[in-house]
Amino acid sequence: MNLARMLFRDLRPLLVMQTLLAVATVVLTWVFWNGVTDGIAGDLRVQAVWAIFLVPGWLVSARWTGRRCSFLSRYFAAAVSSLGIHSTLGVIASSLGWRLATYQIVFLLFLLFVIIDRARRLRKDSGRMPVTQSWSLPTMGIIAGIIVFSVSVYRVSRSNDIGQFVLQQQDMVAEDSLSVSAIGMKGMGVDEAMPRWNAHLWHMLPCLMADAAGVPVDQTLRIYAPIPLAATALLVFWYVVSQLSRTRRAPWITMLAMFGPVLLWYRNYTAFNYSFRLTNTFLLDKDVCLFVLIPAVALLAYRWIRGSRHSLWPLLFLAPAIVKFHPMTAVYLVMLCPWVALLSAKATFGCLRRVAAISVASVLLFVVVLLLGDAQSHHDQIREIVDIDFVDHQSGRPLHYWTGLYAGLQDNGLELDTTQWVGETFSLKASVISGDALLLTLHGAWLLLTFRLISKNRSSNAIRQWLAASYTIAALWLLWFASRFVLTAAPHLSGGVERLHWFAFLPGLVAVSCSLSWIVNGWLAEHHRPFVHRFAMSAVLVLILVSCVFYSMRRRSPLTGLRGVNSLLDFDLPYLKQRAEDASTKSLDDTLAKTRPEYLKHDDVVLYVDAKENESYWWIKQGIFWSDSYAEAFALHHRGDAFLRDREHFYAILDRVALQESSKQSIDLSEWLAEKQVTLLVDFRGGADDYFESLLTATSIPGQRLREGVWRIGERPN
C-alpha cells in the first residue's frame with residue numbers, strides 16, 4: 001500500500017495538470033463553444049489517452065531529471081521521453097507491419113515495466129526528498145495562461161496542410177495498420193505511397209489515439225486532440241526558451257516573448273510567419289517539430305555541451321523522431337548547430353569536442369534523411385505538371401494547385417507571400433524577415449544586446465547571447481541574399497527555400513527574452529524588482545485571458561483598439577466562424593463506415609470531380625484519379641506519357657470543357673471512361689447534373705442520375 005501511495009504521489013503532478021486541462025476544456029467549451037462539439041465525451045476520451053501516453057515518459061524521465069526538479073522541468077522531460085518512446089516503437093511497428101492493437105499492447109507492457117522499475121527505485125529512495133517540488137505561484141500562472149490559450153485558440157483549430165494526411169490516417173485506422181498507406185495512388189496507376197508520406201511517425205500517433213479513444217480519426221485531428229497536444233507543446237516550448245534565455249526567475253518575460261507576436265505586435269497573416277505557425281494545430285508534423293522536437297533537441301544539446309551527461313540519452317532516443325517526423329527537421333538542426341555552439345560553448349577541450357560531436361551527428365542525420373528519400377522528391381515532375389496547368393490557365397481554365405507552386409514561373413501574374421521575380425532574378429522577398437513580428441523584434445533585441453555589451457556588461461554569458469543573436473540575424477539575411485542565386489538557377493526549389501527562415505523562431509525568442517530580461521533586471525532599481533515582476537506577470541495573464549475570451553466570443557479584442565496593437569486572433573475571426581460551423585456538424589457516431597454513401601457499391605470505380613476532391617475518403621479510396629500536385633508528380637515519374645493522358649481527360653471533366661457530340665475529345669473521353677471502368681460520376685458543385693447529362697449524351701454512354709451530382713454510368717436505366 002505504501003508503494004502504491006508513493007507511485008501515486010510521484011504521478012500526482014502530472015495527473016493534476018491533465019485534470020486541470022480537462023476541467024478547463026469542459027467549462028470553456030460549455031460557456032463559449034456550446035454546440036460546436038458533440039458534448040464532452042470526445043474531449044475526455046482523447047485527453048485520457050493523451051495522459052496515458054505521457055505516463056511512461058513521466059516515470060522514465062525521473063532517471064535523468066535529478067532528485068529535485070520543478071514540475072515544468074519534469075513535464076518537459078516527460079514529453080521528450082514520451083516522444084522518444086513513441087518514435088522508437090513507431091519505427092518498429094511500421095517496419096514489422098504491426099496492427100494498432102499490437103502497438104497498444106506493447107505500449108501497455110512497456111508501461112507496466114516502467115511502473116515496476118519506478119516502484120523499485122521509489123522503494124530504494126524511500127524517505128528522501130520527492131522528485132517533483134510543489135507548484136509555485138509563477139508556475140501556476142504559466143500553466144493557467146497556457147491552458148486558457150490552448151482551449152480557446154485550439155478548440156476549433158486552424159489546420160493548415162493537415163488535409164494532406166487525413167486520408168492516409170483514415171485508411172491506416174480502417175485497415176488496422178501502422179504501415180504507411182498508399183491511398184489514392186492506385187487510382188493514379190501507382191501501387192505505392194508517395195515518398196513524403198513515409199515520414200509518418202507523428203501522423204501515426206493520432207491514429208493510435210483515435211482507435212484507443214473510440215473517436216473518428218478525422219475528428220480527433222480537427223476537434224479533440226489539438227487542445228491537449230497544444231497544452232503540452234506550449235509548456236515544452238516555454239520551458240526551453242526560459243532555460244536557454246535564463247529567464248526562469250521572471251517567467252512572464254518568456255510568456256510575453258512567446259505570445260506578444262500573436263496578441264500584441266502581430267504583423268502578417270501568412271502561413272510562413274511565427275504567429276501563424278504557433279497557432280496552427282500541433283497535429284501537423286512540421287509544427288510539432290518546430291515548437292517541440294527541435295527546441296527539445298536544442299536544449300538537450302546545450303546541456304550536454306555544458307557537461308550534463310544525463311542529456312545524452314534522451315538525445316539519442318530522439319534520433320528516430322528527427323529522421324521520421326518531418327524531413328526538414330534535420331535541415332533546421334544543421335542550421336541551428338552554430339547557434340547552439342555559440343550559446344553554450346566554453347573555451348575548454350571537452351566542450352569543443354562535444355560541439356564537434358553534435359555538429360557531426362546533425363550532418364549525419366541530414367544525410368540519412370537524404371538517403372531515405374522521405375522528403376518530397378520528383379521536383380522536375382512537379383514543375384512539368386505545374387507548367388502544363390499554367391499553360392491551360394492562360395487559355396481560360398482555372399489553376400488547380402496551391403498558388404505557391406506557380407512561384408517559379410516567370411511572369412505568372414500572381415502576388416505571392418514569400419517570393420518574387422524582379423526582371424530575370426527570382427528571390428525571396430525581404431518581407432519574409434521584416435514582415436514577421438518575431439523576426440522583426442529579433443532585430444530590436446539584437447540592438448539591445450549590442451548596447452548591453454557597449455555599456456561595459458561584458459560577462460561571458462552576455463557575449464555568448466550576443467554572438468548567438470548575431471549569427472541568427474546574419475544567417476537570415478544571408479539566406480535572403482543567397483536566394484536570388486539559388487532560386488534563379490533552380491526556381492522549383494522555392495517551396496523549400498521559402499520556409500528555411502523558420503530555423504530562427506527559437507533563436508529569435510531566446511534573443512528577445514534575453515534583451516527583455518536585461519532591461520527588467522538591469523535598468524530597474526533593486527527594490528522595484530519584485531513589484532515589477534508581479535505586476536508584469538499579472539498583466540501578461542490578463543492579456544492572454546482577455547484576448548482568448550473575446551476570441552471565443554467571436555469578437556475583436558478591445559486591446560486592438562489601441563494604436564499599433566494587432567492580434568492574429570482578430571484576423572482569424574472570419575475563418576474561425578467557418579471552422580466552428582463545420583465542427584458543429586460532426587458527431588462521434590460519424591465513423592468512417594457510417595459515412596459511406598449508401599449508393600456506393602464495393603466494386604464501384606468512382607470519378608470524383610469536386611472542389612474538395614482530396615478530402616473525401618470513400619471517393620479517393622475507390623477513385624481513379626484525384627487532383628494533387630505531389631501525387632501527380634509521383635505518378636508522372638512512374639508512368640510518363642500514359643499518366644499525362646489520364647490527367648488531360650480528368651481535368652477536361654473537372655473543368656467542364658465544352659463538348660461537341662462528334663468531336664474527337666468526346667470519343668476519347670468515352671474510351672477513357674470505359675478503359676478505367678468508371679461506374680460512378682460524382683460532382684457536388686452547382687450545375688453538375690447538366691454537365692454530366694451533356695457529357696453522357698455527347699459520348700453515347702448510358703447513365704442514370706442517383707441523386708444530385710451523382711450518376712451511375714455503363715448501365716442502362718430500368
Exercise for the section: Look at atom OH of Y575 and say whether more than 12 heavy atoms of other residues, nucleotides or ligands are closer to it than 6.0 Å. Expected result: no
Practice task
Run the numbers on R656 and D683 for salt bridge (charged side-chain N to carboxylate O under 4.0 Å, His left out), then give the verdict.
Solution key: CA-CA 11 Å; R656 298 177 182 173; D683 186 353; 3.0 Å; yes
Exercise for the section: Going by the side-chain hydrogen bond (donor to acceptor under 3.5 Å, both in side chains) test, name the single residue among T281, T279, N280, N160 that passes it with D287. Expected result: N280
Handout entry: Distance flag, aromatic centroids of F237 and F505, threshold under 6.0 Å
Key = no
Practice task
Could you tell me whether K621 and E175 make a salt bridge, using a distance below 4.0 angstrom between a side-chain N and a carboxylate O?
Solution key: yes
Handout entry: Check: F110 ring centre within less than 6.0 Å of Y103 ring centre
Key = no
Can you list, pair by pair, the side-chain donor-acceptor contacts under 3.5 Å of residues 46-57, counting residues two or more places apart and other chains?
from : atom 1 : to   : atom 2 : distance (Å)
Q47  : OE1    : A22  : N      : 3.4
Q47  : NE2    : T25  : OG1    : 3.0
W50  : NE1    : T232 : OG1    : 2.9

Handout entry: Residue pairs passing the side chain to side chain donor-acceptor pair (under 3.5 Å) test where at least one lies in residues 181-191, sequence neighbours excluded
Key = D171-S181
Exercise for the section: Output all residues satisfying salt bridge (charged side-chain N to carboxylate O under 4.0 Å, His left out) with D389, sequence neighbours left out; order by chain, then residue number. Expected result: R647
Practice task
Kindly confirm or rule out a cation-pi arrangement of R158 over F276, judged by NZ or CZ under 6.0 Å from the six-membered ring centre and within 45° of its axis?
Solution key: yes
Exercise for the section: Answer yes or no: is there a side-chain heavy-atom contact under 4.5 Å between F165 and D285? Expected result: yes
Exercise for the section: Go through the steps to decide whether D211 and R99 satisfy the test salt bridge (charged side-chain N to carboxylate O under 4.0 Å, His left out), and finish with yes or no. Expected result: CA-CA 11 Å; D211 184 70; R99 296 187 177 278; over 6 Å; no
